[in-house]
Amino acid sequence: MTLTRHQIRERAFQMLFALNANPEADHDALYQRVLTDDPNQIVPVPEYLSTLVNGVLQYQTELDAQIDQYLSAGWQLKRIAKTDLVIMRLAFFEIDHVDEVPDRVAVNEALELAKMFSDDRSRRFINGVLAHTLDNEPNQED
């Protein structure tokens with residue numbers, strides 16, 4: 001089974017959301033759960049999926065600090081819906097740590113995840129936060 005980058009991001013979101021609720025969960029079991037419906041089948045974990053999941057977990061404190069700097073006055077990370085927070089962590093990780101993914105692609109993919117896993121209000125909120133990151137980036141060829 002070959003997954004597109006978009007499908008890998010969907011599974012990374014599912015993994016990170018599950019780990020946010022249960023940080024002690026067995027990573028290998030979760031990978032298999034998001035990759036196949038057959039509990040008797042073991043499928044290889046795509047490298048980019050483990051890069052996203054492990055990277056977000058490794059840099060979570062840094063990613064949260066970045067998100068926090070773009071929040072409006074009076075907003076705090078703990079007030080953000082967990083789905084939205086996980087989506088933004090993924091986007092910030094790709095923007096900062098995955099050179100082959102243009103920033104605009106990371107933002108667009110985050111908005112696609114918001115369409116799938118959240119609601120329109122959350123999508124607009126995520127867009128607002130991530131748009132600031134693009135505004136603050138030096139001019140670059142995407």
(request) Kindly write out the residues that satisfy side-chain contact (heavy atoms from CB on, under 4.5 Å) with Thr4, not counting sequence neighbours, or none if the list is empty. (result) His6, Gln7
(request) Quick one: which residue pairs count as a side-chain hydrogen bond (donor to acceptor under 3.5 Å, both in side chains) with a foot in residues 19-33, not counting sequence neighbours? (result) none
Tabulate below the donor-acceptor pairs under 3.5 Å that side-chain atoms of residues 45-58 make, not counting sequence neighbours, or state none.
unit_1	atom_1	unit_2	atom_2	d
Tyr48	OH	Glu94	OE2	2.3
Ser50	OG	Glu47	O	2.9
Thr51	OG1	Glu47	O	3.0
Asn54	ND2	Ser50	O	3.1

(message) Applying ring-ring contact (aromatic ring centres under 6.0 Å, His included), can you list everything that pairs with His97, at least two apart in sequence or on another chain?
(response) Tyr59, Phe93
(message) Restricting to salt bridge (charged side-chain N to carboxylate O under 4.0 Å, His left out), what partner residues turn up for Lys115, sequence neighbours left out?
(response) Glu112
(request) Hey, could you give me the CD/CG distance between Gln14 and Leu113, rounded to the nearest 0.5 Å? (result) 9.5 Å
(message) Tell me the closest heavy-atom pair linking Ala18 and Leu30, and the distance in Å.
(response) CB-CD2, 3.9 Å
(request) Would you indicate whether the side-chain heavy atoms of Leu3 and Leu35 approach each other to under 4.5 Å? (result) yes
(request) Only counting residues at least two apart or in another chain, list the ones meeting salt bridge (charged side-chain N to carboxylate O under 4.0 Å, His left out) with Arg5. (result) Glu100
(request) Name all residues meeting the ring-ring contact (aromatic ring centres under 6.0 Å, His included) criterion together with Phe13; count only those two or more places apart in sequence or in a different chain, and write none if there are none. (result) Phe17, Phe117
(message) Please enumerate all residues that pass side chain to side chain donor-acceptor pair (under 3.5 Å) together with Asn127, with sequence neighbours excluded.
(response) none
(message) For a 4.5 angstrom cut-off between non-hydrogen side-chain atoms, does Ile80 reach Met88?
(response) yes
(request) Check salt bridge (charged side-chain N to carboxylate O under 4.0 Å, His left out) between Asp38 and all other residues, then give those that pass, not counting sequence neighbours. (result) none
(request) Apply salt bridge (charged side-chain N to carboxylate O under 4.0 Å, His left out) to Asp64 and list each qualifying residue two or more places apart in sequence or on a separate chain. (result) Arg89
(request) Go through the structure and list residues passing side-chain contact (heavy atoms from CB on, under 4.5 Å) with Gln66, not counting sequence neighbours. (result) Glu62, Leu63, Phe92, Asp96
(message) Test of understanding: with side-chain contact (heavy atoms from CB on, under 4.5 Å), list the residues that count as partners of Ala81, not counting sequence neighbours.
(response) Thr83, Asp84
